[in-house]
Visitor: 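Take a look at this one; I'll ask things after.
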Number of protein chains: 2
Amino acid sequence: MEKIARRKREHLAHRREILQAAERVFAAKGFFYTTMNEIAQVAEFGTGTLYNFFKSKEDLYFTLIDEKTDEINRLVKAELSQKTSAIERIKKILVLQLEFIERNRDFFRIYTSEGSRFEWAIKDDCGKKIHDKMVDYIQLLAKTFEQGMKEGELKRMNPLDLAHAFEGIVHSFIFEWLISPESYSLISKADTILGIFLKGTEKEERRK
Amino acid sequence: MEKIARRKREHLAHRREILQAAERVFAAKGFFYTTMNEIAQVAEFGTGTLYNFFKSKEDLYFTLIDEKTDEINRLVKAELSQKTSAIERIKKILVLQLEFIERNRDFFRIYTSEGSRFEWAIKDDCGKKIHDKMVDYIQLLAKTFEQGMKEGELKRMNPLDLAHAFEGIVHSFIFEWLISPESYSLISKADTILGIFLKGTEKEERRK
DNA sequence: ATTAAAAATGAATATATATTCATAATGTGA
DNA sequence: TCACATTATGAATATATATTCATTTTTAAT
């Protein structure tokens with residue numbers, strides 16, 4: 001009798017355990033100050049075992065980022081396929097993103113440290129791949145904004161600029177939440193973010 | 001006759017040269033992929049010489065960030081001591097910041113990669129010091145916003161949130177500019193940034 | 001020119017850790 | 001139980017580079 005199916009399941013389970021351990025350690029110490037040994041210990045495997053699953057430390061690291069990035073990208077894409085108004089979608093995307101991050105605090109410590117470092121340090125396919133996904137995501141947002149303009153909900157401006165501005169605001173709130181010692185709900189900031197983004201900060205009666 | 005004054009001047013000049021070389025290399029490769037040897041070569045000194053000026057690689061790195069950070073902080077503080085309206089000041093700060101970055105592209109590659117990495121990786125005084133300066137800067141902004149609210153120019157909201165949102169937008173534009181292959185003027189984005197921040201993105205006539 | 005102090009040097013050292021691989025442990029089917 | 005295949009292991013290897021320090025070079029005053 002072939003137990004090959006079970007084998008496969010266990011292999012995947014082990015892989016996942018390693019990825020989870022890596023997530024914990026990388027989040028706490030960053031890529032360079034994390035040792036394979038430490039990850040192995042946290043994962044309760046021998047050091048060499050990691051190399052049966054990932055061909056190098058970088059491979060492990062990028063796989064981790066890559067898979068989680070896909071996860072949230074899928075969520076957002078699903079949302080965007082819904083036929084609602086642009087502003088509704090933006091709200092939904094924002095909430096989705098914040099919820100996801102609240103569930104994946106560790107991962108986002110890694111992700112935000114990545115934003116800048118690797119683009120220019122590593123020309124490997126790995127770093128490239130992650131970067132491309134970031135770009136895709138921004139493009140997706142830009143499309144949504146563009147549609148909002150067409151439908152007359154948003155002011156006409158460069159949709160890419162808008163996407164960057166939006167992600168910028170969101171990231172700064174995420175970042176603040178990540179380093180804050182007191183734990184508050186990130187989602188509670190959704191209205192603030194949306195308010196600033198849509199309505200601006202200048203007092204209304206001042207406008208002509 | 002004592003030529004000690006000249007000695008001092010030359011010492012400082014050498015120090016500056018090393019810092020400039022370090023800036024170039026760190027910006028291109030990041031902290032970990034940069035070697036002291038390489039910095040020494042770019043600076044046209046022997047490897048050991050660097051250690052007559054800085055006690056370690058980290059010391060060199062943090063000194064670099066620290067001094068440049070002070071430089072821009074001084075500029076901003078000088079601006080804030082002027083007695084103009086809050087919105088005027090915000091405009092000025094924004095332009096100052098963008099101009100400074102345009103003049104210090106390399107430095108900001110380093111600075112933006114730092115934002116996240118070291119807070120949690122290094123508990124040394126060095127990292128702490130930089131972080132504290134970032135916090136100070138945000139506080140400064142927050143104060144300005146608060147004043148804007150008191151004077152009725154800005155909507156009432158949490159001034160810290162506002163400061164984060166502002167820096168978030170600005171950073172995303174800087175980041176985009178840094179990685180963009182075509183070189184455009186960063187300052188040309190000032191109006192876009194200010195527009196989004198003050199007026200928001202929702203089309204006016206939609207508002208009740 | 002002589003000398004002593006200061007500064008620069010880069011080869012040698014010390015260390016850290018990613019990766020490998022010979023071996024052990026475990027699982028599988030007969 | 002046995003033989004085989006697969007997987008796990010961690011000590012040993014290989015490498016890279018931050019840092020040191022004995023030596024050389026430069027400086028400045030006499």
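In what follows, every chain begins at residue 1, and chains take the letters A, B, ... in the order their sequences are listed. None of the values given here were measured: they were computed from a predicted structure.
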Visitor: Can A:Trp177 and A:Phe108 be said to form a side chain to side chain contact (heavy atoms under 4.5 Å, CB included), step by step?
Guide: CA-CA 11 Å; A:Trp177 176 78; A:Phe108 266 78; over 6 Å; no

Visitor: Determine whether more than 12 heavy atoms belonging to other residues, nucleotides or ligands lie under 6.0 Å from atom CD of A:Gln82.
Guide: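 Result for CD/A:Gln82: enclosed.
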
Visitor: Parallel, tilted or perpendicular: which one describes the rings of B:Phe26 and B:Tyr61, with boundaries at 30° and 60°?
Guide: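 Aromatic pair B:Phe26/B:Tyr61 classed perpendicular.
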
Visitor: Within this structure, what is the CD-to-P distance between A:Glu38 and C:dT17, rounded to whole angstrom?
Guide: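 Whole-Å distance recorded here is 10 Å.
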
Visitor: Could you label the plane-to-plane angle of the B:Phe145 and B:Phe197 rings as parallel, tilted or perpendicular, counting under 30° as parallel and over 60° as perpendicular?
Guide: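 If you compare the ring of B:Phe145 with that of B:Phe197, the planes turn out tilted.
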
Visitor: Under 4.0 Å between any heavy atoms, over every strand shown, what does B:Phe54 touch: base, sugar-phosphate, or nothing? Just pick one.
Guide: nothing

Visitor: By a strict heavy-atom criterion of less than 4.0 Å, which residues belonging to residues 6-17 of chain B are in contact with DNA chain C?
Guide: B:Arg7, B:His14

Visitor: Run the salt bridge (Lys or Arg N to Asp or Glu O under 4.0 Å) test on A:Lys133 and A:Asp66 for me, step by step, so that the C-alpha distance in whole Å, both residues' side-chain angles and the decisive distance to 0.1 Å come before the verdict.
Guide: CA-CA 9 Å; A:Lys133 279 186 185 162; A:Asp66 195 49; 2.6 Å; yes

Visitor: Rounded to the Å, how far apart are A:Phe53 CZ and D:dT6 P?
Guide: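 Roughly 15 Å, once rounded to whole Å.
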
Visitor: Atom CZ of A:Phe45 to atom P of D:dT7: distance rounded to whole Å?
Guide: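 One finds 12 Å between P of D:dT7 and CZ of A:Phe45, rounded.
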
Visitor: Measure the distance from CD on B:Glu44 to C1' on C:dT9 and round it to the nearest whole Å.
Guide: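 Rounded to whole Å, this separation is 15 Å.
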
Visitor: With a distance cut-off below 6.0 Å to the six-membered ring centre and an angular limit of 45° from the axis, does B:Lys68 pair with B:Tyr111 as a cation-pi contact?
Guide: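 That pair does not qualify as a cation-pi contact.
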
Visitor: What is the distance, to the nearest angstrom, from the CG atom on A:Leu50 to the C1' atom on D:dT7?
Guide: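 After rounding, the reported distance stands at 13 Å.
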
Visitor: Could you walk me through whether B:Thr69 and B:Phe107 satisfy the side chain to side chain contact (heavy atoms under 4.5 Å, CB included) test, starting with their C-alpha distance in whole Å, then the side-chain angles of each, then the deciding distance to 0.1 Å, before giving a yes or no?
Guide: CA-CA 10 Å; B:Thr69 306; B:Phe107 170 65; 4.1 Å; yes

Visitor: Could you go through nucleotides 18-21 of chain D and list every protein N or O atom that sits under 3.5 Å from one of its N or O atoms, giving the distance for each pair?
Guide:
from   : atom 1 : to      : atom 2 : distance (Å)
D:dA18 : OP1    : B:Lys57 : NZ     : 3.2
D:dA18 : OP2    : B:Met36 : N      : 2.6
D:dT19 : OP2    : B:Tyr51 : OH     : 2.9
D:dT19 : OP2    : B:Lys57 : N      : 2.9

Visitor: Using the test ring-ring contact (aromatic ring centres under 6.0 Å, His included), find all partners of A:Phe53 that sit at least two apart in sequence or belong to another chain.
Guide: A:His11

